[in-house]
Amino acid sequence: MARHGTLDLRIPSDVQQIEPVVAAVVRRCAELSLDARQLALNLPVALTEALSNAILRGNGEDGAKEVRVRVWITDLEVIVEVEDQGSGFDLEACTEDPTTPENLEREDGRGLFLMRALMDRVERFTGSGNVVRLTLRRPGHAA
Amino acid sequence: MSLHLSREKDIVIVEIEGQLIVSNRQELKQRVLDEAEGGARKILVDFARTGYIDSAGLGVLVSLAKRLRELGGDIRLANLNDDLQTLFELTKLDTLFQIADSRERALETF
């Protein structure tokens, strides 16, 4: 499977860094003709959620800790890994459905739900830090 | 993100330009709460120039709706593009907010 593009970025744990990083990833994917809806909705929203989790929950907004973002773009899919330096948090513990009547008016609790709804696969594992891997298949691209 | 506030009779119109996300949601919340503190009860948020919204941005809209309704008012939404409409449908927040396809229609509903 041909790989057409990669990115490897490191940012400090500051939520102000989210928007420029997302813009850089979207720009790179746009250069490689990712689907317009995926560029406008799926990728930016899911990546914002992953970065927000890494900065706020993973690294606890500790300015001494970094978040690493790696992106691989192939004919078939876009893979984004967001790695923090925190002690880890359990993605599976955050599975409450925010769309139920009792949760609908909650201010929080939609982040993981959106990542899962907008990506084809969301995985968490431990590398040199805590990694959330987002995978988005590209419609209409043959291997 | 930048916010532009204007008034049409007793309705405060809030235009959001750019992304509404975790890094700037507090600005929207404070501006709308300041308006409510000053007596505004009808808030219309116009998304015509909005990019994407994350869960934190959605959460602020929910929080503001609850506050406005407690005060006897409401917050209504207009001009969501297809992507934003999808976001509201996925989270079922389209059932919590009155959403109009234009500013004019939203103004008529108040």
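Reckoned from all heavy atoms, side chains included, excluding hydrogens, waters and symmetry mates.
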Short donor-acceptor separations (under 3.5 Å), chain B to chain A:
{"from": "Ser23(B)", "atom 1": "O", "to": "Gln16(A)", "atom 2": "NE2", "distance (Å)": "3.2"}
{"from": "Ser55(B)", "atom 1": "N", "to": "Glu49(A)", "atom 2": "OE2", "distance (Å)": "2.5"}
{"from": "Ser55(B)", "atom 1": "OG", "to": "Glu49(A)", "atom 2": "OE1", "distance (Å)": "2.7"}
{"from": "Ser55(B)", "atom 1": "OG", "to": "Glu49(A)", "atom 2": "OE2", "distance (Å)": "3.0"}
{"from": "Lys66(B)", "atom 1": "NZ", "to": "Glu105(A)", "atom 2": "O", "distance (Å)": "3.0"}
{"from": "Asp83(B)", "atom 1": "OD1", "to": "Arg37(A)", "atom 2": "NH1", "distance (Å)": "2.6"}
{"from": "Thr86(B)", "atom 1": "OG1", "to": "Arg37(A)", "atom 2": "NH2", "distance (Å)": "2.2"}

Please enumerate all residues that pass side chain to side chain contact (heavy atoms under 4.5 Å, CB included) together with Leu68(B), with sequence neighbours excluded. Val32(B), Ile43(B)
Only residue of Leu84(B), Leu90(B), Ile53(B), Leu87(B) satisfying side chain to side chain contact (heavy atoms under 4.5 Å, CB included) with Leu41(A) is Leu87(B)
Those residues at least two apart in sequence (or on a different chain) that pass salt bridge (Lys or Arg N to Asp or Glu O under 4.0 Å) with Asp10(B) are Lys42(B)
Below 4.5 Å from any heavy atom of chain B, which atoms of Leu56(A) appear? Answer side chain, backbone, both or neither. side chain
Hydrophobic clusters here meaning ILVMFWY residues chained together by side-chain heavy-atom distances under 4.5 Å, can you tell me if Val131(A) and Leu7(A) are in one? no
When hydrophobic residues are tied together by side-chain contacts of less than 4.5 Å, even through go-betweens, does Phe97(B) share a cluster with Ile13(B)? no
Shared ILVMFWY cluster between Leu33(B) and Ile75(B), side chains joined below 4.5 angstrom? yes
Residues that Ala30(A) engages under side chain to side chain contact (heavy atoms under 4.5 Å, CB included), provided they are two or more places apart: Leu39(A)
Under 4.5 Å from a heavy atom of chain B, the part of Leu118(A) involved: side chain
Between Val45(A), Leu104(A), Ile18(A), which residue shows the highest count of heavy-atom pairs closer than 4.5 Å to chain B? Leu104(A)
Under a 4.5 Å side-chain heavy-atom rule over Ile, Leu, Val, Met, Phe, Trp and Tyr, are Leu44(B) and Val60(B) clustered together? no
Phe47(B) reachable from Val12(B) in the ILVMFWY side-chain graph, under 4.5 Å edges: yes
